[in-house]
Amino acid sequence: MRRAAKRMYALVDCNNFYASCERVFDPGLEGRPVVVLSNNDGCVIARSQEAKDLGIGMGEPIFKCRDRIDAQGVVVRSSNYTLYQDLSRRVVETIGQFVPDIEVYSIDEVFLDLAPMAGRDLDELCRTIRGTVRQWTGIPVSIGVGTTKTLAKAANRIAKRTPESRGVHRFPEDEPERSRTLESIGIQDVWGIGRRWSRRFLDLGIATALDLTRVPPTEVRRNFNVVAMRTALELDGVPCQELETVVEPRQTLVRSRSFGEMVTDWTDLSEAIATHATRAAEKLRAEGGRAGRISVFLNTNRFREDLPQYHRSGTCELLPHTDVTPVILRRALELGRGIWREGFHYKKAGVMLSELAFEHPQSGLFDDRDHARDERLMGVLDRINRTMGPRTLQPAAVGRPERQRWQMKRAHHSPRYTTRWSDLPRTR
DNA sequence: TCTGGGGTCCTAGGACCC
DNA sequence: TCTGGGGTCCTAGGACCC
């Protein structure tokens with residue numbers, strides 16, 4: 001009998017990624033508390049270690065920590081996704097120099113398959129990767145190693161929290177260290193167990209990762225679902241998740257935003273829906289896809305319990321699949337008009353394209369559109385917006401920018417030095 | 001006053017069919 | 001009064017992730 005090759009995974013996770021990115025190009029931020037904000041100046045979505053130490057929470061609304069931010073001289077930055085995406089790509093390329101089989105899990109996380117490196121000193125390999133990424137990109141990373149992805153994730157968390165590990169930690173496989181480590185992990189800190197489930201687990205008396213490994217898997221499945229069961233098995237060292245090295249084509253594409261101020265008129269709402277539909281279609285074409293279904297959704301402000309609540313979506317098929325802005329736009333507005341109701345204060349609207357296809361389009365048997373003409377038209381539209389700046393040409397339905405009262409608030413937005421004439425830096 | 005955006009997967013339940 | 005059962009497909013909603 002041949003024993004299955006032993007698996008070994010690593011998770012490379014960038015420390016405080018967005019905040020670290022801001023520091024790469026502004027070293028004066030080193031040692032200072034830095035936070036990066038979400039859209040609409042809403043929430044804190046990244047914090048440097050110094051900001052975490054001040055007790056500023058992840059996802060905390062800015063208005064709740066405004067006092068601490070002002071008092072402690074915290075540097076506040078808006079998200080610069082173009083920059084983060086570019087640095088992310090460089091981090092991935094650097095890691096790829098050392099390990100061939102990698103899965104880009106998110107903008108700041110990469111799983112590695114270390115099984116082929118079995119003969120090597122894994123600790124040394126990880127320290128080399130960590131040092132090189134820091135040197136080549138300026139981004140600090142932590143690395144966790146384990147026999148399953150879930151254990152690698154847990155080891156990563158330990159690497160980040162224990163200074164002695166100096167950024168690299170391997171999940172122990174031998175007793176009693178293994179059990180002791182599992183016991184030190186609260187159920188709420190297990191990857192794949194969120195707020196709702198951890199509350200339910202705690203009610204059942206399951207408080208740590210070790211407790212979870214001691215529940216029969218079928219029991220976990222019965223009380224939760226197969227995802228939770230896999231998590232429990234992975235904590236116990238049974239791999240249930242492979243490394244996904246091939247990037248699967250996306251299934252959905254969403255464009256949505258909260259409004260700067262609440263909206264009641266159909267006119268304002270229709271401009272927002274038209275804007276999202278236009279952006280979604282642009283993105284779809286940029287990726288070479290076509291959509292077979294479109295949905296539009298509207299929400300009131302869920303935090304305003306004093307106001308009547310309303311959230312609804314409408315959906316319809318796109319036959320044949322399409323990437324043509326006018327087609328998508330018309331459908332989006334029809335759907336939006338169908339679900340809009342007078343008398344509500346709307347806070348958010350969005351457009352979702354789904355049933356996406358990325359292969360060659362099927363010939364439409366039952367439609368009479370001139371597809372060659374559509375394609376030329378969209379080609380010209382995209383080219384103009386690419387060369388002359390985003391939104392140079394837009395459908396009239398998006399409305400006039402100066403009248404878009406629903407637009408995001410962006411009081412903290414830094415100047416768009418490179419994309420807006422009026423924001424060009426000047427010298428005197 | 002002020003609370004992000006974009007994804008995936010799973011399951012329950014209804015519609016429909018034979 | 002008694003009121004099938006099983007399969008498939010679809011969708012909405014709920015959970016999770018970063």
Side-chain angles (χ1 to χ4, degrees), chain A residues 11 13-14 16-18 35-47 57-67 69 76 78-79 81 84-85 88 103-111 149-150 153 156-157 187-201 220-231 240-241 244 247-262 276 279-280 283-284 287 292-293 295 297 299-307 311-317 345 347-356 408-412:
Chain A
L11 174 65
D13 193 324
C14 301
N16 316 323
F17 185 53
Y18 297 171
V35 298
V36 178
L37 298 185
S38 67
N39 285 315
N40 238 344
D41 292 346
C43 300
V44 171
I45 57 168
R47 307 156 295 159
M58 177 64 179
E60 191 170 355
I62 185 83
F63 70 86
K64 288 189 180 170
C65 48
R66 169 58 65 194
D67 290 350
I69 282 178
V76 178
S78 295
S79 306
Y81 284 102
Y84 309 153
Q85 198 62 64
S88 172
E103 171 188 342
V104 179
Y105 178 73
S106 75
I107 195 167
D108 67 341
E109 287 165 288
V110 181
F111 279 104
K149 283 179 157 184
T150 303
K153 186 89 183 174
N156 190 291
R157 192 163 175 280
I187 193 75
Q188 70 282 353
D189 296 323
V190 172
W191 186 44
I193 309 293
R195 278 232 319 280
R196 301 294 173 92
W197 284 1
S198 51
R199 225 178 294 146
R200 277 175 61 194
F201 274 120
V220 178
R221 180 181 200 153
R222 198 165 54 78
N223 283 298
F224 293 82
N225 66 15
V226 69
V227 178
M229 184 187 77
R230 284 190 202 124
T231 294
C240 301
Q241 303 185 63
E244 288 166 21
V247 179
E248 294 293 325
R250 67 157 82 235
Q251 299 175 16
T252 59
L253 196 166
V254 176
R255 281 295 173 272
S256 72
R257 283 286 182 284
S258 299
F259 304 136
E261 52 189 272
M262 290 192 285
H276 298 323
R279 305 261 167 88
K283 178 79 173 162
L284 186 64
E287 297 186 359
R293 176 165 290 276
S295 311
F297 60 88
N299 293 330
T300 49
N301 188 342
R302 66 184 195 280
F303 296 104
R304 289 292 298 271
E305 289 168 5
D306 54 320
L307 293 174
H311 57 106
R312 186 156 302 185
S313 67
T315 180
C316 76
E317 209 176 344
H345 293 76
K347 180 62 179 173
K348 186 174 181 177
V351 171
M352 175 162 89
L353 301 176
S354 54
E355 291 172 24
L356 306 185
M408 290 191 299
K409 282 186 197 154
R410 296 211 278 199
H412 301 273

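No experiment lies behind these values; they were computed from the predicted model shown. So you know, we letter chains A, B, ... as the sequences are listed, proteins then strands, and number each from 1.
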Is any side-chain N or O of A/Ser258 closer than 4.0 Å to OP1 or OP2 of B/dG5?
yes

For atom NZ of A/Lys283 and atom P of B/dG6, their distance in whole Å:
10 Å

For A/Ser106 and C/dC17, is the shortest distance between a side-chain N/O and OP1 or OP2 below 4.0 Å?
no

Can you check whether A/Phe303 stacks with the B/dT3 base, using ring centres under 5.5 Å and planes within 30°?
yes

Please enumerate all residues that pass ring pair (Phe, Tyr, Trp, His ring centres under 6.0 Å) together with A/Phe297, with sequence neighbours excluded.
none

For the side chain of A/Val226, starting at C-beta, report the closest nucleotide among B/dT11, B/dG5, B/dT3.
B/dT11

Measure from CG on A/Leu307 to P on B/dT3 and round the result to the nearest Å.
12 Å

For C/dC18 and B/dC2, measure between their P atoms and round to the nearest Å.
30 Å

Measure the distance from CZ on A/Arg257 to P on B/dG4 and round it to the nearest whole Å.
12 Å

Please identify each residue that fulfils ring pair (Phe, Tyr, Trp, His ring centres under 6.0 Å) with A/Trp191, with sequence neighbours left out.
A/Tyr105, A/Phe111

Value in whole Å for how far the C1' atom of B/dC10 lies from CE of A/Met229:
13 Å

Does the side chain of A/Thr252 reach to within under 4.5 Å of the side chain of A/Leu353, using non-hydrogen atoms?
no

Check every atom of B/dG4, B/dG7, C/dA12 against the side chain of A/Cys43 and return the nucleotide holding the closest atom.
B/dG4

With a cut-off of less than 4.0 Å, is there a side-chain N or O of A/Lys347 near OP1 or OP2 of B/dC2?
no

Would you indicate, yes or no, if B/dC9 has its OP1 or OP2 atom less than 4.0 angstrom from a side-chain nitrogen or oxygen of A/Arg230?
no

Phosphate contact (B/dG5 OP1 or OP2) by A/Lys348 side-chain N/O below 4.0 Å
yes

A/Arg196 has an atom CZ; how far is it from atom P of C/dG14, in whole Å?
8 Å

Checking side chain to side chain contact (heavy atoms under 4.5 Å, CB included) for the pair A/Leu307/A/Met262: CA distance, chi angles, key distance, verdict?
CA-CA 11 Å; A/Leu307 293 174; A/Met262 290 192 285; 3.8 Å; yes

Looking across every strand, which nucleic acid part, if any, lies under 4.0 Å from A/Ile193 by heavy atom: base, sugar-phosphate, or nothing?
sugar-phosphate

Remember a base hit wins even if backbone is also touched, and classify A/Gln251 as base, sugar-phosphate or nothing at under 4.0 Å, heavy atoms.
sugar-phosphate

Does the side chain to side chain contact (heavy atoms under 4.5 Å, CB included) test come out yes or no for A/Arg250 and A/Leu356, once each step is laid out?
CA-CA 8 Å; A/Arg250 67 157 82 235; A/Leu356 306 185; 3.6 Å; yes

Proximal nucleotide (of C/dC18, C/dA15, B/dG6) relative to the A/Trp197 side chain
C/dA15

Under 4.0 Å from OP1 or OP2 of C/dA12: is there any side-chain N or O of A/Ser313 that close?
no

B/dG5 P sits how many Å from A/Ile45 CD1, rounded?
10 Å

Would you say the side chain of A/Ile69 lies within less than 4.5 Å of the side chain of A/Ile62, judging by non-hydrogen atoms?
yes

Would one find a side-chain N or O of A/Arg195 under 4.0 angstrom from OP1 or OP2 of C/dC16?
no

With sugar-phosphate meaning primed atoms plus P, OP1 and OP2, does A/Arg221 contact a base, only sugar-phosphate, or nothing at under 4.0 Å between heavy atoms?
nothing

So which one's nearest nucleotide on DNA chain B is more toward 5', A/Phe224 or A/Arg302?
A/Arg302

Report the residue (A/Tyr81 or A/Arg250) whose heavy-atom-nearest nucleotide on DNA chain B is the more 5′ of the two.
A/Tyr81

Could you please name the option among B/dG7, B/dG5, C/dC18 that lies closest to any side-chain atom of A/Tyr105?
C/dC18

What is the nucleic acid contact for A/Arg200, judged by heavy atoms within less than 4.0 Å: base, sugar-phosphate only, or nothing?
nothing

Is A/Trp191 near enough to C/dC18 that one of its side-chain N or O atoms lies under 4.0 angstrom from OP1 or OP2?
yes

Can you check side chain to side chain contact (heavy atoms under 4.5 Å, CB included) on A/His345 and A/Thr300, steps first, answer last?
CA-CA 6 Å; A/His345 293 76; A/Thr300 49; 5.5 Å; no

Would you say A/Leu11 and A/Lys153 make side-chain contact, with heavy atoms under 4.5 Å?
yes

Roughly how many Å is it from CG in A/Leu284 to P in B/dG6, rounded to a whole number?
15 Å

Just how far, in rounded Å, is P of C/dC10 from CD of A/Glu317?
10 Å

Should A/Tyr18 and A/Ile107 count as side-chain neighbours, where that means a heavy-atom distance under 4.5 Å?
yes

For DNA chain C, produce a single dot-bracket line, 5' to 3'. Pairs: Watson-Crick or G-U wobble, both distances under 3.5 Å. Symbols: ( ) within strand, [ ] crossing, | other strand, . unpaired.
....||||||||||||||

Just compare B/dC2, B/dG4, B/dG5 and give me whichever is closest to any side-chain atom of A/Ser38.
B/dG4

